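Report on the following structure.
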Protein chains: 2
Amino acid sequence: MSNKPTAAAIPGNTIGRLSLYRRLLQELLAQGTRQVYSHQLARLAVSTPSQVRRDLMTIGFSGSPRRGYTISELLANIEGLLARSIETSVALVGVGNLGRAILAYYANRQPVRFAAAFDRAPEKTGRILHGCRCYPVSEMAEVIAREQIHVGVIAVPAAEAQGVADQLVLAGVRGILNFAPVRLHVPAGLYVEHVDLMMALDKVAYYAHQQVEQQDSSR
Amino acid sequence: MSNKPTAAAIPGNTIGRLSLYRRLLQELLAQGTRQVYSHQLARLAVSTPSQVRRDLMTIGFSGSPRRGYTISELLANIEGLLARSIETSVALVGVGNLGRAILAYYANRQPVRFAAAFDRAPEKTGRILHGCRCYPVSEMAEVIAREQIHVGVIAVPAAEAQGVADQLVLAGVRGILNFAPVRLHVPAGLYVEHVDLMMALDKVAYYAHQQVEQQDSSR
DNA sequence: CTTCATTTGTGAAACTGTTCACAGTGTGAA
DNA sequence: TTCACACTGTGAACAGTTTCACAAATGAAG
Ligand SMILES: NC(=O)c1ccc[n+]([C@@H]2O[C@H](COP(=O)([O-])OP(=O)(O)OC[C@H]3O[C@@H](n4cnc5c(N)ncnc54)[C@H](O)[C@@H]3O)[C@@H](O)[C@H]2O)c1
Ligand SMILES: NC(=O)c1ccc[n+]([C@@H]2O[C@H](COP(=O)([O-])OP(=O)(O)OC[C@H]3O[C@@H](n4cnc5c(N)ncnc54)[C@H](O)[C@@H]3O)[C@@H](O)[C@H]2O)c1
C-alpha cells in the first residue's frame with residue numbers, strides 16, 4: 001500500500017482539540033479577527049501555547065513568527081482535514097428523548113448532516129423531525145447504502161445497542177458514536193466512540209468530593 | 001497537611017473505567033455470579049486483563065489467584081470510592097431538549113440524584129419534572145446550599161455557559177459537567193468535565209473516513 | 001540597514017498511561 | 001499432604017502525550 005505523507009494517522013486527542021480550535025476560529029473570524037497567536041488560541045481553548053503549536057505542527061500548518069497564524073487559512077486547513085471535503089452523512093438509531101435532543105441540536109448545523117433516523121416503534125417512523133426522515137429499522141441497510149452514510153449514532157436502550165451496532169456494521173457504516181451505557185464489540189478497524197454520561201458524572205462527583213475532603217482536612 | 005494513604009489521587013481514566021466496572025459488576029451480581037476473573041471483566045469492558053488488574057491494584061483491591069475477584073466485595077469497594085458513602089446530589093441548569101433528556105435518564109437511577117433544576121425561562125420553573133423541582137435562577141445559591149449540592153450540570157446555550165458556571169462556583173459547587181460547546185474557566189482546584197458532542201462526532205467522522213480511504217487505496 | 005522584541009517550529013526531556021512477563025500464591029485434585 | 005495449575009500482583013519495559021527550552025524567523029522601529 002502506498003502511504004501518502006498526508007494521511008499520517010493523527011492521534012484522537014489531537015483530532016478532538018482541532019475540532020475545538022475550529023469552533024473557536026469560526027467565532028474569531030465572525031468577529032472580524034484575521035490573525036491569531038498560539039497563546040490567544042490556547043487561552044480560548046483552556047490549553048497551553050505549546051500544545052496549540054504542537055497540534056498545528058502535527059497537521060503541518062505553519063504560521064509567521066511575528067504575525068501568528070492566519071485564521072482563514074488555518075480554518076480551511078482544519079476543515080479540510082476533519083471533513084475531508086465532503087460533508088459527513090450520519091444516521092441516528094433510536095429516536096427517544098436523547099435522540100430527539102440530538103436531532104434538534106444538529107438541525108441545520110454544519111458540517112454534520114443527519115441524513116436518516118431509524119426507530120423500532122412504528123409510531124415514530126414515517127415522520128420528518130428537524131429535517132431528518134425517520135425510517136423503520138427494516139430499511140436500514142437500504143437507506144444507509146443509498147445516502148452513502150458512513151457514521152452511525154446509537155441512542156437506543158442498553159440492551160439493544162449491540163444488536164443495532166451489528167446492523168449498522170452490516171449496512172456498511174465505518175464509525176459509530178454510542179450513547180448507550182455498554183461497550184460495543186465491532187470488527188477490527190472500525191471506530192467506536194463511547195459517550196458515557198454515567199462515567200462522566202462519576203468522574204465529576206469523585207473529584208468534587210475529593211475537593212471537599214481536602215478542604216475539610218486542611219482546616 | 002496530613003496525607004492519608006487512601007486519598008492517593010486516582011487518575012481520571014481509571015475512575016472512568018471503575019465506573020464502567022461498577023455497572024458490569026452490578027449486572028453480573030444480578031445474574032447471580034459471585035466471582036469474576038480479570039479476563040472476564042476485561043472482555044465485558046472491551047479491555048485487557050492487565051488493564052483490569054492494574055486498575056484494581058490502583059484502588060488497592062485484591063483477589064484470589066484461583067477464584068478471581070469476589071464481586072460483592074469489589075463492588076462495595078468501587079462504590080465506596082466513587083460515591084464516598086453519601087449519595088451525590090446534583091443540580092441541572094438549563095431545562096431544554098438536552099436537559100429534559102438527562103432528567104428523564106437519571107430519574108430514579110442510583111447513585112446520582114438530581115436534587116434541583118434551574119432555568120431562566122419562567123414557564124419552565126415551578127414544575128416538577130421526573131421527580132426534580134425546577135427553580136428560577138435567582139434561587140440558585142440558596143437551593144444549592146440547602147440541598148448540599150456539590151456538582152452542577154450545565155445544559156444551557158453556549159453563550160450562557162460561562163455565566164452559569166460562575167454562578168454555580170459562587171454557590172459553592174465543586175465540580176461541573178458541561179454540555180455546552182465552550183471551554184469553561186473556573187478557579188484552580190475545581191473540576192470541570194466537558195462532554196462535547198461536536199468533538200465526538202468529528203472524531204468518529206475523521207476515523208471513519210480514514211477507514212474508507214485506506215480501503216480505497218488498498219484495492 | 002541594523003537592532004530589538006516577539007513569536008514560531010521543533011528536538012528532547014519529562015511525564016503519564018498501558019502492556020508485558022513472570023514470580024508468587026491459593027485452590028482443588030490426587 | 002503434596003502437586004500442578006490457572007490466576008493474581010507487580011516491577012519494568014514500552015508507548016504515547018505534553019511540556020520545556022531555545023534557535024530561527026519575522027516584522028517593526030529607529
Ligand atoms: N436521555 C439521556 O440523557 C441519556 C443520557 C445518557 C445515556 N443515554 C442512553 O441513550 C439511550 C437512549 O436514551 P433515551 O433516554 O433516548 O431512551 P428512550 O427510551 O427515550 O428512547 C429509546 C428509543 O429507541 C427506540 N428503540 C429501542 N430499541 C430499538 C431498536 N432495536 N432499533 C431501533 N430503535 C429502537 C425506542 O423505540 C425509543 O424511541 C439509552 O441507552 C440511554 O441509556 C440517555
Ligand atoms: N440537544 C443536544 O443534543 C445537545 C448536544 C450537544 C450539546 N448540546 C448543548 O447543550 C446546551 C443545551 O442544548 P439544548 O438543545 O437543550 O438547548 P435548548 O435551547 O433546548 O435549552 C436551553 C435551555 O436553557 C435555558 N437557559 C438559557 N439561558 C439560561 C441561563 N442563563 N440560565 C438558566 N437557564 C438558561 C433556556 O431557557 C432553555 O430552557 C447547548 O449549549 C447545546 O449546545 C446540546
Side-chain angles (χ1 to χ4, degrees), chain A residues 5 8-21 25 28 33-71 73-74 77-78 183 188 191 194 199 203 206-207, chain B residues 5 8-21 25 28 33-75 77-78 183 188 191 193-194 199 203 206-207 210:
Chain A
I10 298 169
N13 276 359
T14 305
I15 294 291
R17 285 191 299 266
L18 288 171
S19 169
L20 173 58
Y21 299 157
L25 292 169
L28 287 173
T33 318
R34 316 258 118 213
Q35 303 284 137
V36 70
Y37 296 123
S38 58
H39 67 260
Q40 298 177 307
L41 206 45
R43 191 162 29 74
L44 293 171
V46 188
S47 179
T48 66
S50 288
Q51 183 73 84
V52 171
R53 278 185 265 131
R54 176 66 62 185
D55 288 338
L56 302 197
M57 183 185 157
T58 301
I59 64 170
F61 188 83
S62 284
S64 140
R66 266 309 281 266
R67 297 215 188 171
Y69 303 93
T70 305
I71 295 182
E73 287 175 15
L74 177 52
N77 222 289
I78 294 177
R183 276 354 211 198
Y191 185 81
H194 291 273
M199 183 186 287
K203 258 165 130 168
Y206 175 79
Y207 290 110
Chain B
I10 298 170
N13 277 358
T14 304
I15 294 290
R17 285 190 299 266
L18 288 171
S19 168
L20 173 57
Y21 300 157
L25 293 170
L28 287 174
T33 317
R34 315 258 119 213
Q35 304 285 135
V36 71
Y37 295 123
S38 60
H39 66 261
Q40 298 177 308
L41 206 45
R43 190 162 28 75
L44 293 172
V46 189
S47 179
T48 65
S50 288
Q51 182 73 82
V52 170
R53 292 203 299 275
R54 176 67 63 187
D55 288 338
L56 302 197
M57 184 185 155
T58 302
I59 64 170
F61 188 83
S62 285
S64 140
R66 269 304 282 265
R67 296 213 191 173
Y69 303 95
T70 304
I71 295 183
S72 57
E73 286 177 16
L74 177 51
L75 195 50
N77 222 289
I78 294 177
R183 279 349 213 203
Y191 185 80
E193 175 89 12
H194 292 273
M199 182 184 287
K203 258 165 129 168
Y206 175 79
Y207 289 110
Q210 194 157 271

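Note that the structure is a prediction, hence the values are computed from the model and not measured. A note on names: the letters A, B, ... follow the listed sequences, proteins ahead of strands, and every chain is numbered from 1.
- Within the 4.0 Å cut-off from OP1 or OP2 of C:dT19, at least one side-chain nitrogen or oxygen of B:T48 is found.
- Side-chain N/O atoms of A:S64 include none lying less than 4.0 angstrom from OP1 or OP2 on C:dT8.
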Criterion side-chain contact (heavy atoms from CB on, under 4.5 Å) on B:R53 and B:Y69, from CA distance to verdict: CA-CA 10 Å; B:R53 292 203 299 275; B:Y69 303 95; 3.5 Å; yes
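- Proximity of B:Y206 to A:I10: side-chain heavy atoms (C-beta onward) are separated by under 4.5 Å at one or more points.
- The phosphate of D:dC20 (OP1 or OP2) has no side-chain N or O of A:S50 nearer than 4.0 angstrom.
- The phosphate of C:dT27 (OP1 or OP2) has no side-chain N or O of B:Y37 nearer than 4.0 angstrom.
- One atom, CD of B:Q35, and another, C1' of C:dT27, lie 12 Å apart when rounded to the nearest Å.
- Within the 4.5 Å cutoff, side-chain heavy atoms of B:Y21 are placed close to those of B:V52.
- Remark: B:L56 CG to B:L74 CG distance equals 5.5 Å, nearest 0.5 Å.
- For the pair A:L74 CG and C:dG9 P, the computed distance is 10 Å after rounding to whole Å.
- As rounded to whole Å, 12 Å separates atom P of C:dT7 from atom CZ of A:R43.
- Atoms CD (B:Q51) and P (C:dT16) sit 17 Å apart, rounded to a whole Å.
- Nucleotide D:dG9 holds its P atom 13 Å from the CG atom of B:L41, rounded to whole Å.
- We find that CE of B:M57 is positioned 16 Å from C1' of D:dC7, with the value rounded to whole Å.
- In this entry the distance linking CZ of B:R53 with P of D:dT8 reads 6 Å, nearest Å.
- The shortest side-chain heavy-atom distance between B:D55 and B:N13 does not fall under the 4.5 Å cut-off.
- When the side-chain nitrogen and oxygen atoms of A:N13 are compared with OP1 and OP2 of D:dT18, one or more of them lie within a distance under 4.0 Å.
- Residue side chain A:R66 reaches the base of C:dA5 through a donor-acceptor N/O pair under 3.5 Å, judged by distance alone.
- Among the protein residues, B:S62 comes within range of the sugar-phosphate backbone only, with heavy atoms under 4.0 Å from sugar or phosphate atoms but none that close to a base.
- One atom, CZ of B:R67, and another, C1' of C:dT25, lie 14 Å apart when rounded to the nearest Å.
- Side-chain atoms of A:R54 and base atoms of C:dT10 include no donor and acceptor less than 3.5 Å apart.
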